[in-house]
Amino acid sequence: MSVHVLEEANRCLQCKNPRCVEGCPIHTRIPDMIRMLKEGDTLNAAEMLYENNPLSMICSLVCNHEKQCEGHCVRGIKEAPIHISAIENYISDSCFERLEEKKLPSNNMKVAVIGAGPAGITIAILLAQKGYKITVFETRDKIGGIMRYGIPEFRLPKSNLDRYYEKMKRMGILFRPNFGVGGSVSIQDLLDDGYKSVFIGTGAWRPKRLNIPGETFGNVQYAINYLNNPDVYDLGDKVAVIGAGNAAMDAARTAIRHGSRFVTVISRDDHLSASKEESGYATIDGVNFMYNKAPIRITDEGPVFCDTYRDEDGKLQLKEDTAALFEADSVIIAISQIPQDKLVNRDKDLKLNDHGNLATNEKGETTMPGVFASGDVVTGAKTVVHAVGYSKEIAEDMDKYMKSLS
Ligand code: SF4
């Protein structure tokens, strides 16, 4: 066992009121996990983690731990917090293939899951455990959604997602890859075919626009498209990344790894919204940062920026007279995404809310009876752990709904 993981486990105080658990969006039983590891009960610790969070192995790699469990750890007040993510990853990764699937006998009810991202994978696993027959429809050839096509390999090795695919197949889950519902097949077609319920977890893939002139130029890419397959882009030496979140860091670090030498992340504010860990890695990778700059147009030579400031009401204002060209071979826009509207266009009973996300009630049911949704398609782009937490609740609601039909 890694000395580091054991050392970290030994530093845990086993707090009676563990702040780390409070800080975890999915309330992982962290002290229990650490105690079980130290007692050599690693497999049971992994089962406990998986039961609470089927994507524990992924979340231990990609969560914003400094704002969640580790940021709340009492040890962190005076020294470094316990490296909880390393401990969780060790347990979940080393035991993943040995986890016993607690699966109820088949109830012969079929569920269609549209989208194989964090929400879709969570729902598919949880409902399969309850005895439902699951078919997952996925527009791409592999599962993972944003985890595979939006998070770079150096943060989340794709082999982790392949392991989930194998596990889900072993559970009897069926897949229809390269097939998007909302084209030749509608949600109504699925219901007509006898699926008792449909889950939509199609994520948020439509890049948010800056809405400034020049956004359609050939030297401009959206981060979500670039991260999908960076190998096919030739960004040149000098790259301007507009945005301040983790996706901006991912795009910048990926550009550096693909040979761009001068990569600058440009934030409208005086700070970044990315985690300290991700911005720290970007810094040591050689990414530069510029603050208080807002783009006003993009030219063939690069973006033009103005200085910014916040007025008394906290609103962002431009200092127009400071407009200046930032020379760049390429511009990457990384200011988040919203859901696509393909399904809504095909099934007219599905409605969007005022934010452009899929409208659902408090039980996760959309405006189409029997059709549920969670994850980014409902909340807008959020984190993997938030999609899991939300999807756990929706899986219970779908279960109740389907049982009420029989
Ligand atoms: Fe251990 Fe820190 Fe959690 Fe306390 S808050 S139980 S020290 S991980």
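All ligand and atom numbering here is 1-based and tracks the order in the structure. Side chains included, hydrogens not; waters and symmetry mates left out as well; all remaining heavy atoms used.
Summarising the local packing, CG of N10 is surrounded by more than 12 heavy atoms from other residues, nucleotides or ligands at distances under 6.0 Å.
Atom numbering of ligand 1 starts at 1 in the shown order; those under 4.0 Å from a heavy atom of C15 are 4 (Fe), 5 (S), 6 (S), 7 (S). Residue P31 has at least one heavy-atom neighbour below 4.0 Å for each of these atoms of ligand 1: 6 (S).
Between F199 and F372, the distance separating the two ring centers is not shorter than 6.0 angstrom. Taking the centre of each ring, Y165 and F175 come in below the 6.0 Å mark.
The cationic group of K238 lies under 6.0 Å from the six-membered ring centre of F326 and within 45° of the ring axis, placing it in a cation-pi geometry. Taking the ring centre of F96 as origin, the terminal cationic atom of K167 falls inside the region bounded by 6.0 Å and 45° from the ring axis.
Remark: minimum distance from atom 1 (Fe) of ligand 1 to any protein heavy atom is reached at C12 SG, 2.4 Å. Protein heavy atom at the shortest distance from atom 5 (S) of ligand 1 is V74 N, 3.5 Å. Looking from atom 7 (S) of ligand 1 to the surrounding protein, the closest heavy atom is L13 N, 3.3 Å.
Distance check for C73 against atom 2 (Fe) of ligand 1: an N/O/S atom falls below 2.8 Å. Atom 1 (Fe) of ligand 1 does not have C20 among its coordinating residues (no N/O/S atom, backbone or side chain, under 2.8 Å).
Side-chain contact annotation: E101 with Y50, donor-acceptor N/O pair under 3.5 Å present.
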